[in-house]
Amino acid sequence: MILSLALEQLLNGLQLGVMLFLMAAGLTLIFGVMGLINLAHGSLYMVGAFACAVVAAATGSFWIGLAASLVCAAAAGAIVEFLVIRKLYDRDHLDQVLATFALILIFSEGARWVFGSFPLYLDIPPLLAGAVPLPGIEAYPLYRLAIIGVGALVAFGLYLLISKTRLGMRIRAGESDREMIAALGVDIRTLYTVVFALGSALAGLAGALVGALQSVQVGMGEPVLILAFVVIVIGGIGSIKGALVGALIVGLTDTLGRFLLPPLLGLVLPASTAGTVGASLAAMLIYIVMALVLAFRPRGLFPAKA
Amino acid sequence: MDMTRENIINLVLALLLLVVPLAASQMGQPFTVTLATRIAVLALAATGLNIALGLGGLVSFGHAVFFGIGGYAAGILASHVFSGEPMAFGFEGSNQMALIWIFAVIACGLAGLAIGAISLRTSGVYFIMITLAFAQMVYYFAISWPAYGGEDGLSILVRNQFPGINTMVPLSFFLLCYGVLIVCIGLFALLRNSRFGTALQAARQNEVRVASVGISPYGIRLTAFAISAMMTGLAGALYADLNKFVSPSMLSWHMSGELIVLIILGGTGRLFGPVAGAMLYVIFEFALGGITERWQFFLGLILLGVVLFARGGLIGLLAGKARHG
């Protein structure tokens, strides 16, 4: 019984990690190639969730909604890149932080204007509803399992894209020497827009997938954004491999911490104290892990070349 | 002090912030006095951040943590006086602002040293994200720790006291905050022109050269970060007393962002930049907030405009580029 609960929490942690990877991969790609810190990444996550909820409600099909979330988030990303982000590449990080902070205000209040403050709901598609038995677990929600699958597929797809295709070659070249690849005749501005749209689409996909688990509402992107920051700081900013490892560390630490800390502390503290201390400690755990990683590896676990 | 254009503007801003509430109080408009108090307190918080960000070039995206710790120092000490339950070591808490400020400043100094010691090992984007993450850590702690209100926050039922002043009178409380602000701006100026301040600014401009003349940038930055934290914490204690309420939202990353926004609206590294920024911000909030509930949408547009097209902020527009000091 306890074992099955632990296994279930393990899978939940994996699912959170996979979802964080979708966010963190875009963030780290954008930073690696363009040197840009994008706080508005959480807004693109929100765009994806809203697009999916609205289109799914209109058409009755989650899958059309999911496609819409990819398209809308990528389009929103490309437009933002073209209008604003493009002017920020040669600015310092402070300007980038502020401009993208301003974008968050615009996106959040804009969404509240259009959709109101009440959350929208997105149903899990019938195909993935229900639960399946797994070894050691009586029944685990199929949808969460599917998210883990999607994340694994995306990770593999990104690996193929970056290491095997021409676009990926250009992205890697952009990461190691921006001036040189521009001098060699690659249209760097288009490349930047493509990378930004790709990162945005991944964020939108994450938003749509999570939207069916939670409610779709304004501000949903912000907590995830900060977790994704923790992920890429742990993993090493600019490294996709780091983002994957960091996402799994954060997802598992957070979920298992909340599950294990209160009972573990219960062994040494009275039950009521252990509950509150454990809950507080669990809420802080990933930041403590981050601080520990940075104390020994200030540039993260897989530092990308500067 | 020679009368450069910037000094004249500073003087005008300082007088404006003093005269308007005095006049408003005479005309029986306490709300304007409260707005002015809000400006003074936010300007103080941003002046603290300006030490790290403006002088040291340390883009801390987590200064709300110090603002919040200062606020909670006021809230927690006052709550023990009210409830009559002693704190640790039989200490009964306090409703004396002077004592609360000392606690707030010491707590923030220690927190600044701890956070700075780890964060300053990194630089650039890492520094931004790590300071953000530490602030989030304390934010989630405040939310999940039930003893002092948790998510609901903590009310200060009666505003804390200061000898010789009735702090419940809006104008008196404003004058107290204004006095603290002016003293701290004076400290900022002293710091900026001191040998320490010169080294700090030099480390921002060229770290390698500073190191090569035998000064450790790390030590200088850590000291500056702690001083910066203390000043922002003091502002937090005043802010809690202003609102008679403290909640985790004082620790939130939105607050950290707003503090940076105040500095940028006014002008980075400028002596009165935070004052100009806080004035603009509170006036936007009040004027746009009166017209539309969605004022943050327009704030976003304005901020975007300032970042993209008016990089010196308000003081930069009025007084021209900063002179290299």
Side-chain angles (χ1 to χ4, degrees), chain A residues 31 35-37 39 83-84 87-88 91-113 219 222-223 225-230 232-234 236-238 275-288 290-292 294-295 298-300 306, chain B residues 53-54 57-59 61 114-115 117-130 132-147 150 252-254 256-258 260-261 263-265 268 292-309 311:
Chain A
F31 183 81
L36 177 100
I37 168 170
L39 296 184
L83 290 179
V84 178
K87 299 184 175 65
L88 297 172
R91 297 288 191 86
D92 58 19
H93 293 313
L94 178 59
D95 282 356
Q96 298 175 351
V97 163
L98 278 163
T100 50
F101 183 73
L103 284 175
I104 294 182
L105 295 180
I106 294 171
F107 266 106
S108 293
E109 287 303 318
R112 204 166 280 152
W113 221 336
E222 295 171 6
L225 173 80
I226 291 165
L227 285 183
F229 275 156
V230 174
I232 63 175
V233 166
I234 289 179
I237 305 178
T276 48
V277 174
S280 302
L281 212 54
M284 295 163 63
L285 195 59
I286 55 167
Y287 302 101
I288 297 171
M290 183 197 73
L292 283 177
L294 288 174
R299 299 187 62 80
Chain B
L53 194 150
L58 307 169
V59 184
F61 200 10
I115 294 177
I118 297 179
S119 308
L120 287 167
R121 286 167 54 87
T122 67
S123 61
V125 187
Y126 280 88
F127 184 78
I128 297 175
M129 293 188 183
I130 289 155
L132 170 66
F134 276 120
Q136 283 304 108
M137 177 170 111
V138 178
Y139 172 76
Y140 284 116
F141 176 76
I143 280 191
S144 59
W145 191 256
S252 76
W253 72 291
H254 244 264
S256 298
E258 273 172 30
I260 301 182
V261 168
I263 292 181
I264 304 304
L265 283 179
T268 321
T292 163
E293 241 179 288
R294 307 275 170 253
W295 68 277
Q296 292 215 333
F297 182 82
F298 298 99
L299 177 71
L301 288 178
I302 291 166
L303 184 57
L304 205 53
V306 170
V307 175
L308 292 181
F309 305 114
R311 297 174 70 185

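To find a chain, count down the sequence lines: A is the first, B the second, and so on, and within it residues start at 1.
Side-chain contact between A/Ile237 and B/Met129 is present, with at least one heavy-atom pair separated by less than 4.5 Å. In this structure the side chain of B/Ile128 reaches within 4.5 angstrom of the side chain of A/His93, judged on heavy atoms. The shortest distance between side-chain heavy atoms of B/Ile260 and A/Leu94 falls below 4.5 Å. Taking the side chain as every heavy atom from C-beta outward, A/Ile288 and B/Met137 approach each other to under 4.5 Å. With contacts defined as side-chain heavy-atom distances shorter than 4.5 Å, the pair A/Ile226/B/Trp253 qualifies.
Between A/Phe101 and B/His254, the distance from one ring center to the other falls under 6.0 angstrom.
Residue with the most contacts toward chain B among A/Lys87, A/Gln96, A/Glu222: A/Glu222 (heavy-atom pairs, distance under 4.5 Å). For the set B/Leu53, B/Leu303, B/Ile143, B/Val59, the entry with the most heavy-atom pairs within less than 4.5 Å of chain A is B/Leu303. Top candidate by heavy-atom pairs under 4.5 Å with chain B, chosen from A/Ser280, A/Ala291, A/Pro298, is A/Ser280. Of all the listed residues (B/Val138, B/Val125, B/Ile264), the one sharing the greatest number of non-hydrogen pairs under 4.5 Å with chain A is B/Val125. For chain B, the option among A/Phe229, A/Trp113, A/Phe31 with the highest count of heavy-atom pairs below 4.5 Å is A/Trp113. The residue among B/Leu299, B/Leu132, B/Ile130, B/Ile118 with the most heavy atom pairs within less than 4.5 Å of chain A is B/Ile130.
Atoms CH2 and CG, on B/Trp295 and A/Leu105 in that order, are 8.5 Å from each other to the nearest 0.5 Å. In this structure, A/Ile37 CD1 and B/Phe61 CZ are separated by 8.0 Å, a value rounded to the nearest 0.5 Å.
Interface residue A/Ile104: only side-chain heavy atoms are found under 4.5 Å from chain B. The contact between A/Val230 and chain B is made entirely by side chain atoms (from C-beta outward), counting heavy-atom distances below 4.5 Å. Using a 4.5 Å cut-off between heavy atoms, A/Leu227 makes no contact with chain B at all. Of the two parts of A/Val97, only the side chain, counted from C-beta on, holds a non-hydrogen atom closer than 4.5 Å to a non-hydrogen atom of chain B. Contacts of A/Leu39 with chain B are made by side-chain atoms alone, with heavy-atom separations under 4.5 Å and no backbone atom involved. Contacts of A/Phe107 with chain B are absent, with no heavy-atom separation under 4.5 Å from either backbone or side chain. Contacts of A/Leu98 with chain B are made by both backbone and side-chain atoms, with heavy-atom separations under 4.5 Å. Contacts of B/Tyr139 with chain A are absent, with no heavy-atom separation under 4.5 Å from either backbone or side chain. With a threshold of 4.5 angstrom between heavy atoms, A/Met284 approaches chain B through its backbone and through its side chain.
Here the closest heavy-atom approach between residue B/Ala133 and residue A/Met290 is recorded as CB-CE, 3.3 Å. Closest heavy-atom contact between B/Gly300 and A/Ile106: C-CD1, 3.7 Å. When every heavy atom of B/Phe297 is checked against every heavy atom of A/Gly110, the shortest pair comes out as CD1-N, 3.7 Å. In terms of heavy atoms, B/Tyr126 sits closest to A/Val233 at CE2-O, 4.0 Å.
Proximity of a side-chain donor or acceptor of A/Arg299 to a complementary backbone N or O of B/Thr122 within less than 3.5 Å is not detected.
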